[in-house]
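Have a look at the structure below before the remarks.
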Amino acid sequence: MKVVEQTLVFPCAGDLLPGIVALPRPSSDAHGPARMGSSAASAVPGNGASAPDRAVMPDPSAGCGVLVVVGGPQYRVGSHRQFLLLARRLAAEGYPTMRFDYRGMGDASGEMHGFEEVSADIGAALDAFQLACPSLRRIVLWGLCDAASAALLYVQATRDPRVAGLVLLNPWVRSETSLAKTQIKHYYRQRLLQGDFWWKLLSGRMEVLKSVRGLVRTARVAHRRSPADRQPARSFQDRMAEGWQQFSGKILLILSGEDYTAREFLEFSGANLAWSGLIEAVKVRRIDMADADHTFSSLASRVAVEDATLAWLDILAGTDDEHEIAATAADGNSPPSRREELWA
């Protein structure tokens with residue numbers, strides 16, 4: 001199946017934002033011509049990331065689509081073309097997908113806003129997506145790093161009924177305290193087990209006093225009370241937790257094994273009362289990719305994320321039995337599927 005891409009320009013708080021919608025273009029004997037709402041559209045092939053044929057191809061008119069929320073500061077293509085390739089892959093498999101620029105980023109007008117202040121941008125993009133694809137009844141927000149945080153803040157602030165699912169990759173919960181705790185547990189502990197650390201120490205090449213001061217300073221910060229502890233009603237981390245808790249749809253959580261942001265998220269959510277039990281909730285499917293970096297930059301990890309997203313979307317769209325899909329892709333490789341049996 002090829003993909004039709006449609007360009008959009010839509011308003012947001014007095015500014016104009018660009019978006020690109022990737023639509024499935026079925027064969028003429030399937031569902032008829034692709035929906036086209038603009039003359040600025042072109043047919044493109046898929047990513048070239050091959051996968052076994054899926055047992056069921058969702059009907060593009062079934063009403064489930066994906067809005068890619070971009071982490072910052074970057075624009076709609078994403079690092080190593082991640083969002084572009086993701087959108088084309090999802091559309092080629094039957095799920096309309098839109099990516100867009102926030103105000104002040106990429107080709108959008110206006111001033112740049114941080115991830116805590118882009119709910120208006122996400123809402124405007126959802127409106128534009130529905131106009132481009134009138135059949136959409138369920139929309140999934142897909143976000144990496146602070147885009148995952150922005151998606152949670154959006155559902156917390158709006159309770160938008162159009163949002164039926166969240167795909168959250170390495171959510172951002174950073175504070176000075178949480179970063180220090182993560183460094184103490186992971187960085188410094190790992191350094192003590194590395195041979196080059198002891199070689200530098202014994203050979204006199206390491207500035208021991210400077211290193212000890214750094215460790216002491218980090219330890220002091222780690223034992224401070226975090227902003228989330230002091231101001232639970234005001235911190236973005238607790239508003240994320242509230243969004244997670246009150247969200248009635250399904251959540252796919254994907255975490256990288258080689259990423260401090262993911263480790264920090266696990267440390268923070270495990271220690272903060274507002275996050276208690278949220279990751280373990282029935283509505284959450286968690287996947288750990290042991291060898292993946294923060295942006296899933298390798299071909300194997302990128303395709304694994306695409307496959308995981310598609311298999312989970314099939315559940316949300318009602319095209320597969322949820323019990324057929326395993327809950328992990330821990331080795332970081334592309335999950336076996338019907339796309340070698342959909343991870344069976």
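Since this is a predicted model, take the numbers as computed values, not measurements. What you see below is based on every heavy atom in this structure, not just the backbone, and it leaves out hydrogens, waters and symmetry mates.
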T97 side chain vs A22 backbone, donor-acceptor pair below 3.5 Å: no
Salt-bridge present (D15, R103; N to O < 4.0 Å): no
Shared hydrophobic cluster, V163 / V284 (ILVMFWY, side-chain heavy atoms < 4.5 Å): yes
Pair Y102-F115, ring pair (Phe, Tyr, Trp, His ring centres under 6.0 Å): steps then yes or no: CA-CA 10 Å; Y102 291 140; F115 72 94; over 10 Å; no
Interatomic distance, R88 atom CZ to R99 atom CZ [nearest 0.5 angstrom]: 6.5 Å
Residues F265, W275; criterion ring pair (Phe, Tyr, Trp, His ring centres under 6.0 Å); working and verdict: CA-CA 10 Å; F265 171 75; W275 286 85; 5.5 Å; yes
Within-4.5 Å side-chain heavy-atom neighbours: V305 and V167: no
Flag side-chain contact, heavy atom, 4.5 Å: V155 against Q246: no
Side-chain touch V21/F100, heavy atoms, less than 4.5 angstrom: no
Stepwise side-chain contact (heavy atoms from CB on, under 4.5 Å) test for C64 and L316: CA-CA 8 Å; C64 184; L316 193 69; 4.2 Å; yes
Residues T261 and N170: side-chain donor-acceptor under 3.5 angstrom: no
Stepwise side-chain contact (heavy atoms from CB on, under 4.5 Å) check, F296 with M289: CA-CA 9 Å; F296 307 89; M289 296 189 178; 4.0 Å; yes
Intermediate values then yes/no, side-chain contact (heavy atoms from CB on, under 4.5 Å), V66 and L313: CA-CA 9 Å; V66 177; L313 284 170; 3.8 Å; yes
Sidechain-backbone polar pair: K283 side chain, F247 backbone, donor-acceptor under 3.5 Å: yes
Any donor-acceptor pair under 3.5 Å from E242 side chain to Q156 backbone: no
Backbone N/O of A290 and side chain of D288: donor-acceptor pair under 3.5 Å: no
Whether S301 side chain and S298 backbone form a donor-acceptor pair below 3.5 Å: yes
OH (Y75) with more than 12 external heavy atoms under 6.0 Å: no
Donor-acceptor contact below 3.5 Å, side chain T158 vs main chain D160: yes
Lys/Arg N to Asp/Glu carboxylate O, E264 vs R174, below 4.0 Å: yes
Any P171 side-chain heavy atom under 4.5 Å of C145 side chain: no
Nearest-0.5 Å distance that lies between atom CG in L166 and atom CG in L252: 10.0 Å
Heavy-atom closest pair, residues A147 and G71: CB-N, 3.3 Å
Interatomic distance, Y95 atom OH to L90 atom CG [nearest 0.5 angstrom]: 9.0 Å
Shortest non-hydrogen contact from A308 toward I254: CB-CD1, 4.3 Å
Donor-acceptor under 3.5 Å (R159 side chain, Y154 main chain): no
Nearest heavy-atom neighbours spanning R263 and G257: NH2-O, 3.2 Å
Joint cluster assignment, V9 & L131, ILVMFWY side-chain distance < 4.5 Å: no
CZ on F129 to CD1 on I122, rounded to 0.5 Å: 14.0 Å
Spatial distance of atom CH2 (W172) from atom CE (M240) [nearest 0.5 Å]: 11.0 Å
Heavy-atom closest contact (A148 atom, G143 atom, distance): CB-O, 3.4 Å
Partner set under side chain to side chain contact (heavy atoms under 4.5 Å, CB included) for L266, not counting sequence neighbours: L255, I279, R286
Atom pair CZ/CG of R89 and L84 - distance to nearest 0.5 Å: 14.0 Å
Residue pair D101 / L17, side-chain heavy-atom distance below 4.5 Å: no
Close side-chain approach of E116 to L153, heavy-atom, < 4.5 Å: yes
Test log, rule side-chain contact (heavy atoms from CB on, under 4.5 Å), inputs D127 and F10: CA-CA 9 Å; D127 293 339; F10 55 94; over 6 Å; no
side-chain hydrogen bond (donor to acceptor under 3.5 Å, both in side chains) partners of H294, counting only residues at least two apart: D259
Distance-minimising heavy-atom pair for D238 and A274: OD1-CB, 3.5 Å
Contact check, side chains of R285 and I251, non-hydrogen atoms, under 4.5 Å: no
Sidechain-backbone polar pair: Q74 side chain, G106 backbone, donor-acceptor under 3.5 Å: no
Test item: side-chain donor near acceptor, R302 and Q82, under 3.5 Å: no
Closest approach of A292 to S256 (non-hydrogen atoms, all atoms of both residues): O-CB, 3.2 Å
Within one Ile-Leu-Val-Met-Phe-Trp-Tyr cluster: L23 and I20, side-chain cutoff 4.5 Å: no
Flag if over 12 foreign heavy atoms under 6.0 Å of CD, E111: no
Close side-chain approach of M98 to L8, heavy-atom, < 4.5 Å: yes
Geometric cation-pi criterion R239 and F236, 6.0 Å radius, 45° cone: no
Results of side-chain hydrogen bond (donor to acceptor under 3.5 Å, both in side chains) for W142 - residues two or more places apart only: T309
